[in-house]
Every structure is written in structure tokens, then in C-alpha cells.
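Remarks on the structure that follows.
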Amino acid sequence: MRVRMKVDGVTYEDEVEPRTLLTHHLRDGLGRVGTPVGCDTSNCGSCTVLVDGDSVKSCSLLAVQADGAEVTTIQGLADGEWHPVQKAFQEHHGLQCGYCTPGMILAAVDLLKRNPDPSEDEVRHGLEGNLCRCTGYQNIVKSVLSAASEMRGQGPLPGSFQDAPDAAEPAIAGASS
Amino acid sequence: MTDQMDAGLVAGEIAEHPDALSKPYAGGELGRGRRRKEDAKLVTGQTNWTDNITLPGLLHMAVLRSPMAHARIVSVDVSAALEMPGVIAAYSGADLAEEQGALPCAWPVTADMVHPDHPPLAVDEVRYVGDGVAVVVARDRYTAADALEAVAVEYEQLPPVVDMEAAIAEGASLVHGDKGTNVCFRWPFASGDSYADTVAAAGDDAVVVKRRFRQQRLLPTAMEPRGVVVAPIAAADEYTVYSATQIPHILRVMLALVTGIGEHKIRVIAPDVGGGFGSKLNVYAEEVLALVVAKRLGRPIKWTESRSENYQATIHGRDQIQDIEIAATKDGTLLGLKVELLADMGAYLQLVTPGIPILGAFMFPAIYKMKAYDFHCTGVFTTKTPTDAYRGAGRPEATYAIERIMDELAVELGRDPLDLRKQNWIAHEEFPYDMVAGLTYDSGNYEAATEKAEQMFDLAGLRAEQKRRRDSKDPVQLGIGISTFTEMCGLAPSRVLGSLSYGAGGWEAAQIRMLPTGKVEVTSGATPHGQGHHTAWSQIVADALGVPFDDVEIITGDTDSSPKGMDTYGSRSLVVGGVAIHKATAKVLEKAKRIAAHLLEAAEDDIEFARGTFSVKGSPEAKKTIQEVALATFAAHNLPDGMEPSLDSDYVYDPENFSYPHGTHLCAVEIDTETGFTKIRRYVSVDDVGKVVNPVIVQGQVHGGIAQGIGQALYEDAVYDAEGNLTTGSLVDYLVPAAPDLPHFETGRTETPATSNPLGVKGVGEAGTIASTPAVMNAVHDALRPYGIRDIEMPATPERVWRALHGSSAGRDPSGTVGLLGASGPDTAGNAAGGAA
Amino acid sequence: MIPPAFDYVAPTTLAEAVAALREAGEDAKILAGGQSLIPVLRLRLAFPTVLVDLGRVDELRGVSEDAGTIVIGAMTRHSEVLEDPLIQQHAGLLVEATATVADPAVRHRGTFGGALAHADPAGDLAAVALALDAELVAEGPGGRRTIRASEFFVDYLETALSPDEILAAVRIPKLEGSWGYRYEKFSRVAQAWAIVGVAAAVRKEGGAIAEARIGLTNMGSTPVRATPVESALVGASDLAAVQAAAASAADGTSPPSDLSGQADYRAHLARVLTGRAVAAAAGMSS
């Protein structure tokens with residue numbers, strides 16, 4: 001079947017089998033491989049993209065269902081400069097291996113669109129559909145809270161990393177985080 | 001001759017970038033929380049996962065897997081698959097029997113270990129659900145998936161062997177019929193005094209506590225499933241193998257040995273790898289099959305694992321039954337420890353399957369002083385997915401057992417669990433300490449870490465609340481759990497590995513290449529998959545050579561560009577890999593100093609080096625930066641006579657000892673006694689990982705480790721039914737905690753440098769996982785102690801807790817003192833321990 | 001994993017959809033939001049010949065008022081239910097339960113009608129439909145008919161819809177009077193299916209419960225209405241009375257025994273959670 005969709009600002013029109021998952025259309029069909037796949041059951045959220053602005057698990061949507069839609073993947077999120085959520089993930093060490101990161105970031109973008117000033121608990125619940133095996137989530141939550149603050153115009157939360165080489169003490173030495 | 005003339009070929013480059021030779025080193029790299037170099041591509045989706053790789057004419061391979069735990073293969077018919085449009089090839093195990101070889105096990109723990117043949121595709125028998133039976137190769141992944149349905153396999157069912165104890169009982173059905181036994185090995189280990197004699201000698205003064213703990217089976221669940229791409233140059237019999245692996249170097253050697261293809265004809269690349277936790281520390285059937293099929297077809301092959309396959313075909317972790325017995329005198333002084341372990345190997349031996357419980361053998365005595373230690377392990381075959389290294393590999397199991405039984409002993413003795421630990425741990429001034437299992441702990445300060453954890457935790461306040469809740473019979477009870485730990489990491493001194501019959505050494509290789517413009521390329525044989533190696537190692541190199549952090553480029557994961565290595569596992573990448581890099585920088589500086597002396601027309605002994613600059617003692621204006629020396633070396637116009645025009649240096653570092661990080665974790669849980677649900681209320685960790693290179697990365701490792709340990713304590717369980725089916729075969733049933741399921745962790749550090757390596761580092765990859773499982777479970781037991789409950793199996797599901805509460809003959813009154821202490825002595829181990837603390 | 005091949009039609013009107021379903025024959029499947037169906041296809045647990053996608057049938061989407069009833073189009077997404085002012089005002093219990101369904105991304109695609117037609121007894125919304133006395137509007141070749149929720153859920157993954165019928169809308173009577181509500185979901189991790197869930201709505205008069213509606217999730221092969229509790233609750237004015245009534249929550253149920261819980265544990269949970277849900281709905285704190 002013929003599907004037409006705008007992915008990260010570019011319109012594509014392709015012939016696909018009806019059973020083609022959106023994620024495979026993006027990866028194999030369009031070469032947009034920034035969106036990884038982590039499970040078969042829609043639990044892990046690694047493949048999360050935005051479809052017409054809403055977070056969606058691209059492994060649980062057929063490409064034909066997204067005919068006519070506008071899709072944003074992690075590769076299209078930065079508009080010249082990184083999105084505040086992308087920046088915050090680096091500033092607060094919100095990723096390790098990075099496999100869950102595209103989905104986690106897009107889930108966070110969706111969350112902050114709906115709730116610009118979430119509590120820590122709301123961030124945790126807002127990300128419940130995205131699994132991470134590396135970080136224990138703490139720095140992801142911190143990243144999202146920081147991005148929220150920045151997007152509200154209140155500036156990011158103090159970063160975890162040190163620009164100055166001679167900061168008196170390492171960020172976590174001798175204190176609780 | 002001026003420096004400008006020296007610049008020679010790169011003069012133009014320098015003119016365009018005038019700072020290339022003059023960027024000053026700012027200092028302060030070690031211990032600094034540098035932003036990760038790795039992140040830019042990861043947060044923008046420009047990552048190179050194995051499944052992202054595509055090549056002209058790439059074919060997709062899919063593996064047909066056994067739906068039965070144990071069966072004889074009567075026939076495999078691939079003809080219908082071959083007739084499907086787009087299907088290029090299809091092979092049964094018999095079709096590939098000549099070339100597929102056998103998957104390797106590198107750790108024959110005993111001379112008489114039973115080591116069954118392990119064909120990548122089963123030929124005669126399948127021995128676990130997920131065992132490969134056939135492969136199909138098609139133009140695209142969809143066609144390959146369809147072709148699997150067209151392969152007809154006839155099985156003749158054989159009895160499954162699911163339970164370890166049943167497997168070693170008389171008359172048990174056999175996993176490998178020709179071996180005559182399901183016992184893979186028996187590994188006795190006695191160290192120090194005899195346990196039995198020591199307990200007997202103590203007579204009436206001995207208090208003995210026995211417990212049986214189960215380490216449930218776990219599914220490692222790296223977020224990136226495995227994948228492999230093989231690009232052959234058929235005419236030259238050369239192969240490039242891309243694999244989502246932790247061990248490209250070991251894989252290269254093993255692929256050569258398994259397939260007979262020359263090692264020099266195989267290049268292995270681990271591209272970006274999305275987590276491993278031990279599960280990618282292996283040589284897998286699909287890696288061999290993709291290579292063998294690519295060789296046969298002369299065309300590039302890709303295989304990408306689905307999560308469902310990952311849960312069947314990637315190694316599992318843990319799965320041990322631990323019978324542990326601890327003896328102390330009535331005043332609480334530990335006498336000794338006796339451990340009888342059953343370790344489930346699964347159906348076959350993967351790369352280091354039998355060695356995992358053996359790593360644990362050294363860690364049961366943990367941080368405690370005792371005279372006697374008896375250990376015995378039986379490795380058992382079952383018709384389940386093979387087990388192997390999963391984060392901590394043997395050490396979390398051991399730490400769980402000792403830390404749980406220390407709490408049980410404290411109850412038996414009527415002692416505070418923390419006090420009992422303090423009484424028996426190795427005091428700071430006793431290091432280096434030769435512990436009972438034969439290791440020499442180089443350094444540690446358990447007092448400092450524990451004191452800090454106590455300060456952060458508000459232990460007194462939580463104990464007061466616990467008492468209030470107990471007294472008021474609150475339906476929500478509070479429990480407080482302690483876990484101290486140490487671990488042996490930085491695997492490993494090669495001679496020690498040799499003495500344990502491991503098939504390789506434990507060194508790591510590094511190479512420093514000084515580029516003409518003063519930039520630095522570093523290769524390491526350790527291969528990252530999320531840890532932040534490139535950032536931490538860049539800090540080490542920047543600090544040692546006095547070059548800017550951004551001027552250092554790390555190259556890993558490719559046997560062409562970083563040709564020698566032992567890869568990444570066992571918290572070794574800083575402790576062994578980082579030290580190798582550090583030692584290579586010393587060799588660079590040695591050469592650079594000689595050249596600097598020559599250029600400055602000074603004696604080498606008069607040259608000083610600091611912050612990237614060589615200067616002459618007493619003449620501070622006479623100096624050369626390391627970048628200037630690099631350029632001069634490249635030009636080679638004016639070098640000392642006979643000197644090789646290169647600063648490049650290699651180092652292969654073989655550690656002299658393990659490193660021994662340690663820490664104290666404290667956990668408070670709330671248990672809803674009406675539903676059995678456990679909620680972590682507070683979690684405090686203080687880890688001592690020695691010198692810290694990047695504190696933010698260290699903290700991240702601790703967070704992730706704690707999360708995985710909590711996963712084992714409360715959520716995760718790979719369950720097999722009686723027929724040998726994995727009933728938790730997807731993330732629907734195998735519960736990996738998400739953000740709302742985990743608490744905020746309060747992490748702290750103490751810093752007691754390792755004395756066994758020049759950086760003073762100890763490793764952090766596994767620490768959190770090791771400490772958190774017993775901390776949480778001790779808290780769960782502490783909450784339930786007044787109800788007379790003394791053992792909840794992991795994971796402590798709400799249902800298990802509820803059943804324990806309701807099956808308890810001790811009744812349900814939390815303020816009661818049912819089963820309180822009472823008699824102690826060698827024969828009281830079976831008594832119900834209770835007692836409200 | 002990868003779904004098996006199938007044909008696909010995407011009608012744009014309900015009439016077309018009914019025709020397409022009839023034409024597609026007995027091995028066709030209706031694709032609503034796909035959040036259950038697509039994983040099932042990926043695992044190759046079903047092999048439909050045709051998928052009839054309702055995603056382009058606009059008339060099946062949206063929420064309206066019809067006298068004392070709220071009419072929710074079957075293809076209204078969970079995320080739309082959560083944000084709909086009519087539902088928030090008149091069927092808050094549905095909002096509360098919908099907020100616990102899966103996760104935000106799944107709620108963006110999953111639909112209210114799809115969840116009910118899938119009839120998984122572990123799903124959260126069927127118990128709510130039952131408790132709120134919803135009526136399900138089915139459209140088929142023979143026309144339109146209305147099925148009461150109490151008759152809609154027939155068995156595990158089985159409804160009163162015939163194979164050629166499409167669930168078009170769900171009609172939920174507005175609750176009149178002073179109602180409170182609560183959905184108590186018990187699961188081991190945030191994302192998991194309910195081991196047991198309790199949907200409770202209670203109306204109070206003069207400090208005592210005058211009327212109660214209780215639906216149970218995952219306490220049998222269909223969602224269950226806890227009628228013994230409902231009658232026992234009438235007149236209850238304190239926590240002790242609520243708990244006494246909740247003691248019969250599992251009466252007459254046949255909860256499943258599976259990996260996430262044995263039947264007796266589920267029965268126990270049903271009692272505990274019913275007590276909690278009713279207490280919260282009635283504003284009685286412990």
C-alpha cells in the first residue's frame with residue numbers, strides 16, 4: 001500500500017506491506033535508524049516517536065496507520081540546536097548505554113507538553129512506559145525536571161558536571177546527591 | 001632551525017588553527033565530573049547499533065528455535081521454506097554439522113568437568129526451549145520471519161530436567177544421555193581451619209545458624225537485544241563481523257577456533273553496544289552461524305535478536321541454591337562458614353558458565369574475620385537456557401548469603417545486626433589483610449563508609465518509627481536492612497586465573513598514538529557498552545600527558561584499530577584497562593622527555609614535566625610543550641641519535657591483585673501487611689571505590705547497580721514450568737522495574753585508595769548490584785520479624801509476603817514476641833527465629 | 001518480532017466498515033488502536049487474513065451528551081477520555097481507571113471501545129463499564145443494537161458482539177446525586193496489568209452510603225459486578241461497616257491462578273481493595 005508521511009520534516013511516499021510496523025518503515029524503509037527496537041510487546045518504549053505530536057510506540061503501530069501523519073523521531077527533534085530535553089540528558093547524566101534514550105527523550109517531550117511543571121512523582125509516572133536498564137532512572141528524572149525548568153524559562157537545574165577543573169569538591173563526594 | 005620550520009608538512013594546518021600547539025592544560029582532570037563524550041550521538045539518534053548497519057545485498061537470517069525443552073530431532077525439512085519467494089537459503093543443524101563447530105567454554109573448573117558438545121544448531125537433540133534447530137536466510141527480515149513458519153521439524157519428546165535437586169537425584173532423566181550424569185562438576189574448596197573441627201572445639205560456646213537461600217534465575221535484559229552482521233570477502237576468505245558484544249577480541253579468537261577460519265582473516269567490530277551486564281560476554285550460536293552462512297553464501301548476513309528470542313537464547317543469570325551455615329561464639333565472634341552450593345548451568349556450558357559460582361566461592365566470607373571456611377559447589381545440568389555472567393557474576397550471590405545470614409545470626413544472638421558486623425569486620429588498621437578464602441584485601445575502611453551511611457540514613461529516627469508502628473499494630477510495618485559488602489573486581493591477575501583453570505589471562509592492552517598536531521589517539525582492548533569509558537580514559541590521559549581533555553580520542557571495539565584486548569567485564573575497564581592506559585602514557589612521557597632534553601640542549605635528568613610542559617630545572621623559560629615535542633618527533637629533523645621517531649607507546653598491564661571496592665547500604669521498606677506489597681521508603685548507599693576519576697559516572701553506575709539489585713529482590717524472576725517452558729518469556733511477565741517502581745537513591749562515597757594499582761582505583765560497575773539485593777531483603781525480613789517470619793524467597797512478591805504473614809503460626813500481632821530468641825547453640829538452627837528488635 | 005502478512009482495509013464511515021468486515025469473512029480482525037492486537041500479531045499468536053482498521057472512521061470518535069447519558073465513540077482514545085470535560089464531570093471513575101491503563105504512549109493510541117471489545121478480564125475499563133451500567137452500541141449488517149454491559153462480557157476475550165458487528169459507541173448514564181468514586185488497582189510494577197482492580201462508585205445521603213456500584217477487574221474470566229457488596233454497603237456510615245461489607249467482595253467469583261497471583265490471594269486482595277476503594281469513594285479515611 002502507498003503511504004505518505006512527513007518524517008523529521010521530510011515528506012516520503014512509499015509502497016509498504018500492510019503489516020509493516022512503523023518502526024521498520026522508519027528504520028529499513030527510510031533509513032531513519034535513530035529509533036531502536038527493544039521488545040515485542042510494547043513494554044520497553046525504546047521505539048517511542050511522536051506521531052502528530054503524541055508519543056507513540058512505533059513498534060505497535062502499522063506504517064499504514066500513520067499514513068498522512070507527521071512523525072518526529074529523535075533525529076528530527078533538534079531544531080538547529082538540541083532540544084532542552086536532549087541537553088538536560090547530557091547535563092545530568094540521564095543516559096549510559098543510550099539505547100532507551102531516544103524513546104525516553106521523546107516520552108519526556110510529550111510529558112512536558114502536557115505538564116510543564118511536573119513533580120518528581122509525575123515525571124516517574126509519565127515515563128512508566130519506558131524501561132532503562134542502566135541508570136536506575138534517577139538521573140533521567142533529574143534531566144526531565146531540569147528540562148522542564150528550562151522550558152518554563154526558569155533556567156536548567158544545577159548540572160551534575162563540572163566546567164571548572166578546580167571545583168572544591170567532586171559533585172557527589174562526601175554528600176548525598 | 002626554528003620550530004616553525006620543524007612544522008614541515010603540517011605548517012599549513014597549524015597556521016589555520018593557531019591554538020593546536022598551544023592549548024594549555026587546565027589541570028584537575030582526575031576526580032572531575034566531565035560531561036560524557038559519548039552522549040552527543042546518543043541523544044541525537046546518530047548511534048551505530050548493530051541492527052543499524054546495512055550493506056549492499058545484505059541478507060537477513062532468522063533462527064528457528066525449539067518449542068520443547070528436551071527432544072530428539074527426528075527430521076528437519078527446509079524445502080518448503082526454500083520455495084518461498086525471497087528465501088535464499090535454509091539449513092538444519094545437520095546441514096551445517098561439518099562447519100559449525102562447537103561453542104566454547106573457556107573455564108573448565110575441574111579436570112574432570114563434564115563438558116558436553118555444544119553445536120550452534122542442534123543436530124540430534126534439543127535441550128532447552130530456544131535451542132536453535134534451523135536457520136533461514138532471506139532478502140528481508142519479514143520474509144525470513146515467514147520462512148521460519150515453513151520449516152517442518154519432527155521431534156520425539158524426551159523428559160525435561162527442570163529442578164536442580166531432582167536432576168542430581170538417583171535415577172534422574174539425563175540432559176546429556178551420553179554423559180551418564182547431570183553433574184557438571186564438583187568443586188570443593190576448604191580454606192583456613194577445618195570448619196567442623198573449629199565448631200566442635202568451641203563446644204557449648206558455639207552458636208550455629210543454617211539457612212537455605214535461593215538465587216532465582218534472572219534475565220539480564222540489556223535494552224539492546226543482541227545482533228550480528230557478517231560481511232565476507234569470499235574470494236579472500238576474509239570476514240568482518242559486527243556484533244553487539246562486550247568482547248570483540250575474545251570473540252575473534254573464539255570464532256577462529258570454532259570455525260577454523262584464520263584468526264588473522266577475521267575482524268570483529270563491536271559498534272555501539274546498548275548495555276550488556278554480562279549477557280554480551282559470550283560467544284553465541286548466532287555469531288558462529290552468521291559467519292558460517294556468510295562464508296557459504298559469500299554474501300553479507302544480518303541477524304537481529306527479538307526480545308522474545310533474547311529471553312530464550314541469551315544467557316540467564318544467577319540460579320543457585322545456597323545452603324549456608326555460620327558459626328560464632330556466644331559473644332558474637334565469628335568462627336567459620338560452611339557453604340554448599342548448587343549452581344544451575346542450564347543445558348550447555350557457555351563461555352564462563354561453570355566459573356561463575358567459583359568466583360563467588362571467594363566472596364562468601366566477605367568483610368569478616370573468621371578462621372574456618374568450607375565451600376563446595378556442584379554444577380548441575382538442566383534443560384534450561386544456559387546461565388553465565390550477570391552483573392556481579394557469583395559475587396552478588398555470595399554477598400546475599402553472607403549478609404542475610406549475618407542478620408539471622410544477629411537475631412539468634414539477640415544482637416543489633418550492625419553491631420555484630422562491626423565486631424567481626426576487618427578493621428581499617430588491619431589492611432592489607434589475608435582473608436580466610438585466600439585473598440589479600442589491599443585496602444578498605446569499613447568503619448568510615450558505615451559511619452557515613454548511618455549519618456545519611458537517620459537510623460535512630462527510623463528505628464523509633466519502626467517501634468511506633470509495631471506498638472500501634474500499624475498495618476504498614478517498617479523494616480530496616482543493612483548490607484555491607486566487598487567484592488573482588490578488576491579481573492584479573494593472569495596467574496590467579498591460571499590457577500583457577502580459566503582459559504585466558506586477565507591483562508589489558510593500551511596504545512597511545514601522539515599525532516603531529518599534539519592530539520592524542522588512545523586504543524584500548526576494553527570495549528564500552530554504556531559505561532563512559534571514553535570520557536574517563538580521556539581524563540586519565542589528559543591528566544598524565546597534560547593535554548586538553550578534548551584533544552584525546554579513544555578508539556575501541558575494533559580488532560583492526562585496537563588489536564589486542566581482553567574486553568569488558570568484571571569491573572575491569574578502569575582498574576585494568578585504565579591502568580594500562582596510564583602506564584602507556586608513562587612510556588610516552590619517557591620518550592618525550594628524552595626528545596625535549598635534546599631540543600632544549602639539557603641533560604635528561606634536568607628536565608621536569610608538569611601540566612603538559614617540559615622545562616629545564618633552574619631555567620623556567622627553557623621549555624617545550626608536549627605538543628611541540630610531538631610535532632618535532634613527527635618532523636624527525638632533530639632527534640637524539642639512534643632514537644626512533646615516534647612517541648607512540650603500548651602497554652599491556654597484568655594486575656598484581658584484584659581490587660576490593662566496598663560499601664555499606666541501608667534500606668528502609670514499608671510493607672503493607674494487608675496486601676504484602678513492599679515499598680522502598682529510603683535507600684542510602686556509601687560506596688568506596690577507591691580513587692574516583694569521574695564522580696558523576698561513578699554515581700550513575702551505583703544508581704544502575706542498585707536498581708538491578710532491587711530488581712532481583714522485589715520484581716524479577718525467570719520462571720520455568722514443569723515442562724521446561726520459560727513462562728516469563730516477555731517483558732509482560734518478566735518485571736523489569738520502571739521509574740515509578742524505584743526510589744530516589746541517596747548516594748555517598750568514601751575514598752580509600754587501592755594500593756594494588758598506581759591510580760588507586762577499584763572499579764564500580766557491579767558494586768550497587770551486589771549490595772542492594774541483601775539490603776532490601778534484610779529490610780523486608782526486619783519488617784516481618786515480629787511475625788515470626790524468617791525467610792521470604794526472592795523476589796519478595798506481595799503474594800509471597802502475604803502468604804508468609806498468613807501462613808505464620810506465630811500469629812499476626814506485630815507487637816508480639818513470638819519465637820523470641822530463646823535457646824542458642826549448634827542445634828537451634830532450625831528453630832523459628834523471631835524477636836522484635 | 002514480525003506480524004504475519006494480512007490484507008488491510010481502512011474504511012472512512014461506519015457503514016463502510018460494517019460492509020468491509022462482512023466482506024472480509026470470518027478470519028478478519030478489527031483494528032482499533034492496535035495496542036493489544038499488534039503485539040499479538042508480532043508474537044504470531046493470531047493470523048488474521050484481513051485487518052479492518054477503524055482508525056479513519058471519524059464518526060466513531062468523540063464524546064457527546066444525550067440527555068442523561070454520555071456517549072463515547074468506540075474509537076475515542078484513552079488520552080482523549082482522560083482530557084474530556086464531559087467524562088470528567090459525569091464519569092470521573094472512568095477517568096481515574098483510564099489513567100492507570102498501560103502508559104502514556106499506549107494511551108495515545110489505545111481506544112476505549114477497543115479495550116472493551118478485547119474483553120480481557122485483566123483490563124481496567126471493563127469493570128468500570130460494568131459498575132457504571134454502561135450500554136454498548138453495536139452496529140452490524142442487521143442494524144444497530146444496544147447491549148447492556150452486564151450482558152456484553154461473555155467469557156475470557158469473548159463478548160456478545162457477533163463476528164460481523166462493530167462496537168460503535170458506549171453509553172454511560174450520568175451519575176445523579178452526590179457520588180464519589182475510586183479505582184484501586186493492584187499490580188507489582190507500575191506498567192503491569194492489574195492483579196486485581198476494584199472500581200467503586202458510591203452515593204451518599206446524610207452521611208451514609210445510599211447506593212454503591214462495584215466492578216472487579218481480573219476476578220474471573222469476565223469483569224465481575226460485586227453485587228453482594230453493593231447491597232451490604234447500603235446504610236454503611238463508617239469504616240467498620242464498609243469493611244464488613246467488603247468482606248464479601250470475592251463471593252461468587254472464580255479468580256484465575258497465574259504467575260501474578262493464585263486465586264485465594266486474588267480473593268483476599270479483592271476484599272482489601274474493595275474496602276479501600278469504597279472508603280476512598282465515600283470519603284472515609286482510616
Side-chain angles (χ1 to χ4, degrees), chain A residues 1-3 16-24 28 37 39-69 103-104 106-115 118 121-131 137, chain C residues 1-10 12 24 28-29 31-57 75 77-80 82-83 99-111 114 185 187-193:
Chain A
M1 292 191 66
R2 202 124 193 100
V3 294
V16 300
E17 273 192 275
R19 62 169 164 163
T20 307
L21 300 172
L22 175 61
T23 195
H24 287 141
D28 296 347
V37 183
C39 75
D40 315 315
T41 48
S42 89
N43 292 85
C44 85
S46 298
C47 66
T48 304
V49 298
L50 302 180
V51 175
D52 293 330
D54 290 338
S55 62
V56 168
K57 295 178 174 182
S58 64
C59 75
S60 299
L61 193 72
L62 302 173
V64 290
Q65 288 177 284
D67 184 25
M104 203 64 87
L106 290 163
V109 168
D110 181 273
L111 164 70
L112 296 181
K113 185 180 73 181
R114 278 151 227 283
N115 183 358
D121 197 48
E122 286 168 336
V123 171
R124 286 182 182 272
H125 279 280
L127 299 177
E128 70 190 357
N130 293 73
L131 298 177
Y137 303 100
Chain C
M1 291 177 80
I2 286 151
F6 46 76
D7 289 330
Y8 172 86
V9 285
T12 55
K29 276 254 176 210
L31 175 63
Q35 299 304 287
S36 294
L37 179 59
I38 291 176
V40 162
L41 296 175
R42 290 183 70 197
L43 296 170
R44 298 203 173 204
L45 300 174
F47 293 83
T49 50
V50 183
L51 287 195
V52 178
D53 181 3
L54 302 182
R56 317 238 165 222
V57 183
M75 286 296 289
R77 292 172 178 171
H78 299 311
S79 54
E80 293 164 343
L82 289 175
E83 286 164 12
T100 73
V101 172
D103 58 67
V106 169
R107 293 196 291 268
H108 283 143
R109 297 300 303 190
T111 63
K185 179 174 184 169
S187 59
R188 286 182 55 203
V189 294
Q191 199 193 37
W193 293 86

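A note on names: the letters A, B, ... follow the listed sequences, proteins ahead of strands, and every chain is numbered from 1.
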**Fill in**
Of C:S79, C:P4, C:A190, C:A192, the largest count of non-hydrogen pairs under 4.5 angstrom with chain A goes to C:P4
**Where A:P18 and C:F6 come nearest, the two heavy atoms and their spacing** = CG-O, 3.5 Å
**Request:** Ignoring hydrogens and angles, tell me if any N or O in the side chain of A:D40 forms a donor-acceptor pair with the backbone of C:L43 under 3.5 Å.
**Result:** no
**Prompt:** Rounded to the nearest 0.5 Å, what separation is found between the NE2 atom of A:H125 and the OG1 atom of C:T100?
**Reply:** 11.0 Å
**Request:** Could you tell me which portion of C:A102 (side chain, backbone, both or neither) has an atom closer than 4.5 angstrom to a non-hydrogen atom of chain A?
**Result:** backbone
**Request:** Look at A:V56, A:V64, A:T41 and state which one has the largest set of heavy-atom pairs under 4.5 Å with chain C.
**Result:** A:V64
**Prompt:** C:P39 and A:S60: which non-hydrogen atoms are nearest, and at how many Å?
**Reply:** CG-OG, 4.1 Å
**Asked** With a 4.5 angstrom heavy-atom cut-off, which part of A:E17 approaches chain C: side chain, backbone, both or neither?
**Response** side chain
**Message:** What part of C:L41 gets within 4.5 angstrom of chain A, counting heavy atoms only: side chain, backbone, both, or neither?
**Reply:** neither
**Prompt:** Is the side chain of C:R42 donor-acceptor paired with the backbone N or O of A:C39 at a distance under 3.5 Å, no angle test?
**Reply:** yes
**Asked** Looking at A:T48, A:N130, A:D67, A:L106, which one has more heavy-atom pairs under 4.5 Å with chain C than the rest?
**Response** A:D67
**Asked** For A:L61, is it the side chain, the backbone, both or neither that has a heavy atom under 4.5 Å from a heavy atom of chain C?
**Response** both
**Message:** Is A:R124 close to chain C through its backbone or its side chain, or both, or neither, when contacts mean heavy atoms under 4.5 Å?
**Reply:** neither
**Asked** NE2/A:H24 to CD1/C:I2 distance, rounded to the nearest 0.5 angstrom?
**Response** 5.0 Å
**Item:** Atom group of A:L62 that falls short of 4.5 Å from chain C, counting heavy atoms
**Value:** both
**Residue among A:G45, A:G103, A:S55 with most heavy-atom pairs under 4.5 Å to chain C** = A:S55
**Prompt:** How far does CZ of C:R109 sit from NZ of A:K57, to the nearest 0.5 angstrom?
**Reply:** 14.0 Å
**Request:** Any chance you could measure C:I38, atom CD1, to A:S42, atom OG, to the nearest 0.5 Å?
**Result:** 9.5 Å
**Minimum-distance pair of heavy atoms, taken over all atoms of C:G33 and A:Q65** = O-NE2, 4.0 Å
**Message:** Counting heavy-atom pairs closer than 4.5 Å to chain C, which one of A:V51, A:N43, A:L127 comes out on top?
**Reply:** A:N43
**Item:** Best-contacting candidate, C:L31, C:L51, C:V40, against chain A by heavy atom pairs under 4.5 angstrom
**Value:** C:L31
**Heavy-atom contact with chain C under 4.5 Å, split by part of A:D110** = side chain
